[in-house]
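Let me begin by presenting the structure, written as structure tokens, before commenting on it.
Only this structure's heavy atoms are used, side chains among them; waters, hydrogens and symmetry mates stay out. First the proteins, then the strands, lettered A, B, ... as listed; each starts at 1.
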Protein chains: 2
Amino acid sequence: MFDFSLFKNLNLHESSDFISALSEIAEFKTFPKNHIIHASGSICSHFYIITKGIARVFYFKEEKDITVHFAAEHDSITAIDSLIQRKKSKYSIETIEETETIAVNINSLELLFEKEPQFERFGRLFLQDLYIDLVERIDDLQLHTAQERYDTLLSKKPYLFQRVPSKHLASFLGMTAETLSRIKGK
Amino acid sequence: MFDFSLFKNLNLHESSDFISALSEIAEFKTFPKNHIIHASGSICSHFYIITKGIARVFYFKEEKDITVHFAAEHDSITAIDSLIQRKKSKYSIETIEETETIAVNINSLELLFEKEPQFERFGRLFLQDLYIDLVERIDDLQLHTAQERYDTLLSKKPYLFQRVPSKHLASFLGMTAETLSRIKGK
DNA sequence: CGCCGAGTTGAACTGAATCAAGAAACGTGG
DNA sequence: CCACGTTTCTTGATTCAGTTCAACTCGGCG
């Protein structure tokens with residue numbers, strides 16, 4: 001069985017049955033640095049829990065590479081639009097460091113939800129967390145200056161500034177690389 | 001039984017059992033114009049499906065009244081943070097016109113999910129729709145000009161421009177009332 | 001009729017983007 | 001392990017979209 005305690009969104013006490021079931025449809029996968037785990041335009045087949053390393057979700061908007069999500073140890077990562085709508089994803093997933101993951105096949109997960117409806121609960125709770133994250137991100141983008149957005153991210157996820165190229169941080173923060181550089185220089 | 005065909009997020013063919021169950025925990029409620037249905041700082045007890053009228057979700061950020069959601073006929077409205085986290089909401093809900101709703105008690109809904117886990121599916125599908133909406137909103141705010149955001153909303157929900165005061169549209173679009181006025185004036 | 005909030009219009013200001021050029025870091029092959 | 005070319009980062013000058021502030025108009029309602 002996999003060690004799902006590595007995944008912060010699961011509460012082990014409440015969900016050991018689910019974890020057993022999950023283990024049966026999961027497998028270890030390791031990817032080298034700067035590797036495209038999932039390419040946009042295809043349906044994303046897996047949901048990944050990162051046990052080591054760091055990765056990002058991004059897409060191209062008018063030729064610009066926009067990062068929308070970072071995931072490090074204990075985080076999960078997937079092409080969320082594909083997972084939700086079961087259609088080709090506009091997002092790609094790329095490792096930033098060499099990355100070790102527990103990969104859960106999404107079709108198998110759907111089958112599990114059908115067979116054991118009580119596990120739907122975890123799908124819902126997981127989406128709820130994602131939703132809250134997204135709401136905070138909107139607040140941030142709509143109501144704060146570049147400096148404030150930088151400060152917020154720095155306090156929430158300081159390790160990103162050590163491990164991720166600035167250009168990706170800049171697009172994630174909704175500013176140009178130049179602006180981020182100037183903010184850092186102070 | 002209530003006519004849930006009035007709610008676009010439910011597919012009647014797939015979910016008639018769920019609709020029967022939902023009907024038993026729902027009731028009609030009508031609110032006058034400019035009425036606060038739910039006040040921030042309290043836990044939101046209901047989830048509303050609007051059958052007539054229009055309402056908005058808003059909150060105060062540094063004294064400014066920010067609208068984050070509009071709902072008209074066939075839409076649902078609730079204080080989403082309260083619904084998800086079962087805690088005091090930072091959002092308020094206010095009618096813009098006289099509004100008729102089907103009100104579903106959230107505690108009853110939770111009990112229903114516990115008793116009939118197969119209904120969790122609807123909770124998940126509903127959240128998925130919300131999530132997709134939110135992702136589109138982030139894209140919009142982060143990557144488009146005020147003019148483009150105006151154009152997008154005008155094509156998606158033209159009726160808002162007839163029925164909602166401009167100041168609320170402006171805050172929803174992430175711009176000042178002055179900027180919106182200038183854009184409209186062209 | 002007069003008031004007040006909402007909407008409009010103009011002028012000045014500003015945060016951040018763009019454009020440009022140079023410096024530093026990176027990885028790739030010899 | 002170094003040399004080279006490419007990408008990333010920094011720094012400066014300029015521009016621009018959108019905000020702020022202020023004055024004025026309009027429309028609804030007591």
Side-chain angles (χ1 to χ4, degrees), chain A residues 31-36 53-56 58 60-67 70 92 94-99 137-154 160-186, chain B residues 32-36 54 56 58 60-67 70 92 94-98 137-154 160-186:
Chain A
F31 304 99
K33 184 177 176 177
N34 295 329
H35 177 83
I36 300 288
I54 192 163
R56 71 187 184 105
F58 69 100
F60 285 93
K61 189 90 181 186
E62 289 146 26
E63 279 100 69
K64 283 186 295 258
D65 171 332
I66 312 285
T67 296
F70 292 110
S92 299
E94 182 188 48
T95 60
I96 291 167
E97 303 170 350
E98 176 175 286
T99 300
R137 192 159 150 70
I138 285 191
D139 269 20
D140 212 39
L141 287 171
Q142 192 168 16
L143 297 159
H144 296 103
T145 63
Q147 177 76 55
E148 289 167 335
R149 275 158 14 226
Y150 172 86
D151 292 342
T152 302
L153 187 62
L154 187 58
L160 291 181
F161 293 81
Q162 318 303 323
R163 299 168 66 182
V164 173
S166 288
K167 59 176 180 169
H168 296 146
L169 289 172
S171 74
F172 180 76
L173 287 167
M175 64 185 75
T176 61
E178 292 94 324
T179 297
L180 177 56
S181 174
R182 280 183 245 274
I183 289 171
K184 283 203 291 186
K186 287 198 302 187
Chain B
K33 185 176 176 177
N34 296 328
H35 177 81
I36 299 289
I54 191 162
R56 71 186 184 105
F58 69 100
F60 285 93
K61 189 88 180 188
E62 288 144 26
E63 279 101 70
K64 281 186 297 255
D65 170 332
I66 311 284
T67 296
F70 292 110
S92 299
E94 181 188 50
T95 59
I96 292 167
E97 304 168 350
E98 176 175 285
R137 192 159 150 70
I138 285 190
D139 270 19
D140 212 39
L141 287 171
Q142 191 168 17
L143 296 159
H144 296 103
T145 62
Q147 176 76 56
E148 290 167 335
R149 288 180 334 249
Y150 171 85
D151 292 342
T152 302
L153 188 63
L154 187 57
L160 292 182
F161 293 81
Q162 317 304 323
R163 299 168 66 182
V164 174
S166 287
K167 59 177 178 168
H168 297 326
L169 289 172
S171 74
F172 180 75
L173 286 167
M175 63 185 76
T176 59
E178 292 93 326
T179 297
L180 177 57
S181 174
R182 279 182 247 273
I183 287 172
K184 284 202 291 187
K186 287 200 301 185

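- Side-chain contact, A:Lys184 with A:Ser166: a donor N or O sits under 3.5 Å from an acceptor N or O.
- Judged by atom type and distance alone, A:Glu178 reaches the base of C:dC19 through a side-chain donor-acceptor pair under 3.5 Å.
- In this structure, A:Asn34 places its CG atom 14 Å from C1' of D:dT6, rounding to the nearest Å.
- Distance A:Arg163 CZ to C:dA25 P: 21 Å, rounded to the nearest Å.
- Note on ring orientation: taking the six-membered ring where Trp is involved, the planes of A:His35 and A:Phe31 are parallel (angle under 30°, cut-offs 30° and 60°).
- Each of B:Ile183 and B:Lys33 was matched to the nucleotide of DNA chain D holding its nearest heavy atom; the match closer to the 5' end belongs to B:Ile183.
- Side-chain nitrogen and oxygen atoms of A:Thr176 include none within less than 4.0 Å of the OP1 or OP2 phosphate oxygen of C:dA16.
- One can place CG of A:Leu173 at 12 Å from P of C:dA16, the figure rounded to the nearest angstrom.
- Mapping A:Arg149 and B:Leu180 onto DNA chain C by nearest heavy atom places B:Leu180 closer to the 5' end of the strand.
- The distance from the CZ atom of B:Phe161 to the CG atom of B:Leu154 is 5.0 Å, given to the nearest 0.5 Å.
- Rounded to whole angstrom, the span from the CG atom of A:Leu143 across to the P atom of D:dT19 amounts to 12 Å.
- C:dC26 atom P lies 15 Å from atom CD1 of A:Ile96, rounded to whole Å.
- Atom CD in A:Glu148 sits about 15 Å away from atom C1' in C:dT14, given to the nearest Å.
- In this structure, A:Arg137 is positioned above the aromatic face of A:Phe172, its NZ or CZ under 6.0 Å from the six-membered ring centre and within 45° of the axis.
- As rounded to whole Å, 19 Å separates atom P of C:dG15 from atom OH of A:Tyr150.
- Between A:Arg182 atom CZ and C:dA17 atom P the separation is 9 Å, expressed in whole Å.
- Nearest nucleotide to the side chain of B:Thr145, out of D:dG18, C:dG7, C:dA16: D:dG18.
- Residue A:Met175 comes nearest to A:Thr179 through the heavy atom pair SD-CG2, 4.0 Å, listed as atom of the first residue, atom of the second, then distance.
- The side chain of A:Ser181 lies closest to D:dT11 when the candidates are D:dT11, C:dG7, C:dA17.
- Taking only side-chain nitrogens and oxygens, B:Thr179 never comes nearer than 4.0 Å to OP1 or OP2 of D:dG18.
- No contact: B:Ala177 has no heavy atom under 4.0 Å from any strand.
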